[in-house]
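Take a look at the structure below.
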Amino acid sequence: MWFLVIFPVLIITLYKVRKIYTYWKGRGVPYCVHPLHCFGLFSENALRINCYSDVFEELYYKFKNKRYIGFYNFFQPVLLIRDPNLLKRICVKDYHAFSVHSEAIPLNLDEQWSKNMYAETNTQRWQKLRTSMTPSFTSNKLKSSFPAVEQFAIEFVNYLRESIDKNVTVNMLEIIRRVLSDITVNAYFGVKCDSLREPKNIVHLMVHEAMTLPCFHGFTHLCSRVCPKLLQLLGVKVYKASVQNFFAEMMERRLQLEFENGFKPYDIITALPELQGVKFSNTEKLNRSLIDDITGHAFLLTFAGYETTVTTLMSLLYELTVNDVVQENLYRDIIQTLDKYNGNVCYESVKAMEYLESAIEEVLRLHPPAPVIDRLATVNYEIKAEHPNEEDVVIEKGTPIWILAKAIQNDADYFPDPKKFNPDRFLSKNRHTVAQYTNIPIGAGPRSCPGYRYGILQVKVIIVNLLLNFKLLPTEQTYVRKSSKTYTIRKHGVWVHLKTRLK
């Protein structure tokens with residue numbers, strides 16, 4: 001009896017799975033030869049057995065002469081983009097057809113997650129949010145935020161001087177996390193902490209908890225890709241309730257204080273459209289729904305800004321430590337530039353450090369925080385055949401598009417000796433040699449990262465203060481010999497032998 005029920009269900013399931021995994025073949029798109037291999041690779045990544053950037057780099061070179069590749073994110077067809085010109089069309093020229101991100105996390109999994117700009121699928125609503133945030137990242141705003149970032153950087157150096165001997169080896173990851181945690185919560189939640197000296201303070205612990213998204217790890221992440229409804233039934237959230245409540249209360253206190261004293265002009269949070277038209281004297285409008293909306297945006301800014309800045313800074317520390325010549329060139333550039341500004345570390349002097357800018361661009365090329373940039377087709381879109389053996393292909397509405405940014409940026413066709421850390425590539429005299437859209441670590445077009453310049457400002461200020469006071473020397477523990485260096489650095493940190501510079 002049970003056989004009569006199970007057998008038809010099994011046949012129907014196998015038919016649907018076969019239909020899914022022949023999707024790209026039926027459209028004449030070059031695809032991963034064994035679709036079930038995609039499932040296996042992504043299962044390993046979801047369970048943190050491998051690094052998915054390695055998977056995509058392998059595919060990138062396997063399909064060397066193709067502009068795009070058919071792939072499967074478990075049971076969902078995905079189009080991988082490996083051609084800079086096609087990338088330009090998707091992100092810039094025909095942006096309207098790919099104006100939203102694909103779902104990294106199911107929107108219906110957590111109401112708090114669905115209230116941020118990254119997850120926003122309504123283009124008009126997203127445009128309103130983006131426009132409201134733009135004034136917060138102008139040159140004037142960055143200049144006004146410089147003193148706060150500089151003060152945290154000075155405290156960072158003082159902490160290192162107080163806590164270590166003149167010659168000591170230290171893993172920089174936890175220390176960097178603490179100082180960037182303090183900068184982040186100060187900028188978005190208006191709270192000042194000293195996590196360097198008080199690492200167990202509740203704010204820093206909650207930031208760390210918030211960044212450890214349970215739906216991005218292990219079996220939970222696998223379920224979110226294969227069967228998201230199961231997570232809903234299990235009550236899994238993007239952020240734990242304790243984390244949501246803590247930050248919502250902290251945001252409420254911040255907004256209440258600013259309501260009483262008047263909003264700061266062009267503040268990142270108070271510029272959000274939810275707060276427009278709310279009179280500072282009308283405290284009745286500080287309801288929970290409003291607080292949750294604002295906290296959702298602050299969570300995104302914290303998550304996107306904090307994690308990417310940690311990754312960029314740690315990658316730069318690694319490359320400077322193992323490349324002594326580059327480190328000395330950068331130190332020389334810092335000293336020579338500061339001499340022109342009477343020795344003052346200020347917004348203008350840091351901005352004028354060309355070699356520092358080039359070093360950051362190079363580390364973002366080599367170790368982008370996000371190896372893949374995603375978009376979602378919002379309409380049916382046709383890719384015309386341009387090469388022999390290509391066919392016209394219609395990308396159906398709702399198809400995720402994944403741009404292989406890291407693989408493109410590490411392609412020897414665009415960057416000679418691509419695995420070498422060489423900031424000279426991005427000096428003004430050499431910039432013309434970099435082909436358009438071959439280096440897009442923050443994305444391209446209207447959906448590129450709005451807070452990029454603020455994150456880079458933090459990296460610059462910390463590196464300048466660090467190199468002015470210490471020489472970074474490698475040890476046996478420093479060198480990363482695995483292929484997935486970015487992932488290893490992010491997870492395990494960088495061991496550095498700090499040698500105090502004589503003033």
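Looking only at distances, no side-chain donor or acceptor of Arg67 sits under 3.5 Å from a matching main-chain atom of Asp83. At distances below 3.5 Å, at least one donor-acceptor pair connects side-chain atoms of Thr311 with backbone N or O atoms of Glu307. Between the Gln409 side chain and the Pro368 main chain, no donor and acceptor come within less than 3.5 Å of each other. The main-chain N or O of Leu142 is found under 3.5 Å from a side-chain atom of Ser145 such that the two form a donor-acceptor pair.
Residues Glu396 and Tyr23 bring a donor and an acceptor atom of their side chains to less than 3.5 Å of each other.
Of the charged side-chain nitrogens involved, none lies within less than 4.0 Å of a carboxylate oxygen, so that Glu58 and Lys62 do not count as a salt-bridged pair. Salt bridge status for Glu57 with Lys406: absent, with no side-chain N to carboxylate O gap under 4.0 Å. Using a cut-off of 4.0 Å between Lys/Arg side-chain N and Asp/Glu carboxylate O, Arg375 and Asp94 are scored as not salt-bridged. Salt-bridge annotation for Lys384 and Glu391: absent, with no side-chain N of the basic residue lying under 4.0 Å from a carboxylate O of the acidic one. A salt bridge links Lys460 with Glu357: at least one charged nitrogen is closer than 4.0 Å to a carboxylate oxygen. Salt-bridge annotation for Asp392 and Arg27: absent, with no side-chain N of the basic residue lying under 4.0 Å from a carboxylate O of the acidic one.
Using a 4.5 Å heavy-atom cutoff, the side chains of Tyr31 and Ile69 are not in contact. Side-chain contact between Asn410 and Leu366 is present, with at least one heavy-atom pair separated by less than 4.5 Å. In this structure, the side chains of Tyr72 and Trp24 come closer than 4.5 Å at one or more pairs of heavy atoms.
Note: Trp402 and Phe71 have tilted aromatic rings, judged against thresholds of 30 and 60 degrees for the angle between ring planes. Between Tyr381 and Phe98, the ring planes lie perpendicular to each other; the angle is over 60°, past the 30° to 60° tilted range.
Separating the CD1 atom in Ile440 from the CG atom in Leu87 is a distance of 4.0 Å, to the nearest 0.5 Å.
Remark: Arg365 qualifies as a cation-pi partner of Phe415 under the 6.0 Å distance and 45° angle criteria applied to the six-membered ring.
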